[in-house]
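Report on one structure; see the data block that follows.
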Amino acid sequence: MAERKIPRKALPAGLGRDTLAVREGLPASAWGENSEALFLTSSFVQPDAATAAARFANEEEAFIYSRFTNPTVMMMERRLAALEGTEACIATSSGMSAILLLGMGLLKAGDHVVCSQSVFGSTVALFGREFAKFGVETSFVSQTEVGEWRAAIRPNTKLLFAESPTNPLTEVCDIRALAGIAHAAGAGLAVDNCFCTPALQRPVEYGADYIIHSGTKYLDGQGRVIAGAICAGENVVNDTFVPVLRSAGMALSPFNAWVVLKGLETLSIRMEAQSARALTLARWLETQPAVERVFFPGLESHPQHALAMAQQSGCGGAVVSFIVRAPRGDGIAAARKNAFHVIDSTRVCSITANLGDTKTTITHPASTSHGRLTEGQRMAAGITQGMIRLAMGLDDVADIQADLARGFAGL
Ligand SMILES: *Cc1c(COP(=O)(O)O)cnc(C)c1O
């Protein structure tokens with residue numbers, strides 16, 4: 001795909017990731033802008049008919065049409081690839097459309113997928129229901145039991161799909177072990193890196209082949225746009241994903257790409273600050289009598305704490321979940337009432353299911369993100385009615401503690 005071979009920006013070799021986060025992209029335009037330009041254009045003017053023909057035939061490198069080539073989108077792709085440590089990246093209109101593109105590119109009828117049962121709810125629906133319509137079968141296995149992944153492999157298994165840490169329980173999978181299982185079976189491993197971002201975890205260093213992003217979360221980082229991406233090798237991006245994107249059209253808008261591009265500039269300092277604040281909050285939550293259990297990879301009490309600390313840098317991400325204590329035997333109604341009370345007592349936290357924002361967000365997974373599951377499915381997944389998920393932003397920790405303490409005091 002010649003149109004993906006646009007010249008690289010002239011940067012010295014061996015730059016650090018923080019520098020790449022603010023500088024990787026494309027050469028500046030004729031005007032020499034310092035901040036990256038927003039090319040809000042659907043198409044690009046061709047100098048003459050013969051050149052247009054050559055460009056459409058991929059014989060010459062140039063931008064043609066923003067469904068599959070746009071300079072602002074390409075700058076975001078190059079910057080994100082540099083941060084993830086992959087050769088290439090392809091941006092999509094949302095995190096879900098990145099997973100759709102992954103499936104459409106890699107799978108065909110008769111293929112089999114092994115997927116963690118703890119992945120994002122829409123990912124479960126996409127593999128389990130939508131791809132099944134096209135003859136792709138998916139087995140769902142435990143996020144943390146490597147043996148279950150190995151046992152689920154079949155001769156036609158083409159893809160393993162995991163997310164680490166998961167939402168809302170922050171379960172961590174062993175990326176290196178899963179990559180080993182995938183590659184031994186001639187399959188690929190995709191990891192949804194939404195919660196950690198490349199600032200804290202680079203799955204490619206542990207053998208993952210495809211890194212999935214919902215740019216909607218920390219990459220934008222301020223809750224403004226919906227965006228997604230797949231980071232992977234150059235050949236698979238150019239030969240497998242670009243043709244599907246060109247035909248299927250799950251393209252990222254240049255405006256949204258520009259917002260994410262600028263968000264990437266502050267990603268590492270935001271992730272460091274937000275995960276440090278989340279750890280402080282998680283430790284405090286563990287001391288609260290009103291709290292039964294805290295889920296956060298940075299806590300020594302987390303079942304995969306050692307693995308998380310080996311696979312990630314920072315303090316364990318910025319998402320903290322916890323269960324509010326309810327009187328024994330009072331059942332799920334009391335547990336939900338207490339959780340709702342704590343959420344409704346906050347004055348600073350935003351009550352919203354989104355995460356990855358500088359504004360701290362709080363939500364009740366059992367009635368929102370996981371509200372479509374049956375109570376039995378929720379119990380199996382460990383998402384109880386007393387559980388609250390908090391995504392720490394850049395608010396002062398003391399203000400968030402005061403917010404939660406108000407609710408705890410009223411129980
Ligand atoms: C939000 C989310 C997605 C989906 O991303 P959208 O941009 O909302 O489509 C996928 N995976 C994870 C882990 C998410 O949190």
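We count ligands from 1, going down the list as the structure has it; atoms in each ligand are counted the same way. Values below: all heavy atoms of this structure, side chains included; hydrogens, waters and symmetry mates excluded. Treat the numbers as computed from the prediction; the structure is a model and nothing was measured.
Looking only at heavy atoms of the protein, atom 2 (C) of ligand 1 is closest to K217 NZ, 2.5 Å. Scanning the protein heavy atoms around atom 5 (O) of ligand 1, the nearest turns out to be S214 OG, 2.9 Å.
Below 3.5 Å of separation, one finds an N or O of G95 facing an N or O of ligand 1. Not one N or O of F120 is nearer than 3.5 Å to an N or O of ligand 1, by distance alone.
Near D192, the atoms of ligand 1 lying under 4.0 angstrom from a non-hydrogen atom of the residue are 10 (C), 11 (N), 12 (C), 13 (C). Near T216, the atoms of ligand 1 lying under 4.0 angstrom from a non-hydrogen atom of the residue are 6 (P), 7 (O).
Judged by the shortest distance from any of its heavy atoms, N167 lies outside the 4.0 Å radius around the atoms of ligand 1. Contact between A227 and ligand 1 is present, with at least one heavy atom of the residue lying under 4.0 Å from the ligand.
Around atom NZ of K262, more than 12 heavy atoms belonging to other residues, nucleotides or ligands sit under 6.0 Å away.
Of all non-hydrogen atoms in A251 and S66, the two that sit nearest each other are CB-O, 4.2 Å.
Annotation: side chain of L80 is not in contact with side chain of E77 (no heavy-atom distance under 4.5 Å). By the 4.5 Å heavy-atom criterion applied to side chains, V114 and V141 are counted as neighbours.
In this structure, the ring of F127 has its center less than 6.0 angstrom from the ring center of F161.
Each of V260, L26, V22, L264 was scored for a side-chain contact (heavy atoms from CB on, under 4.5 Å) with R79, with one residue passing: L264.
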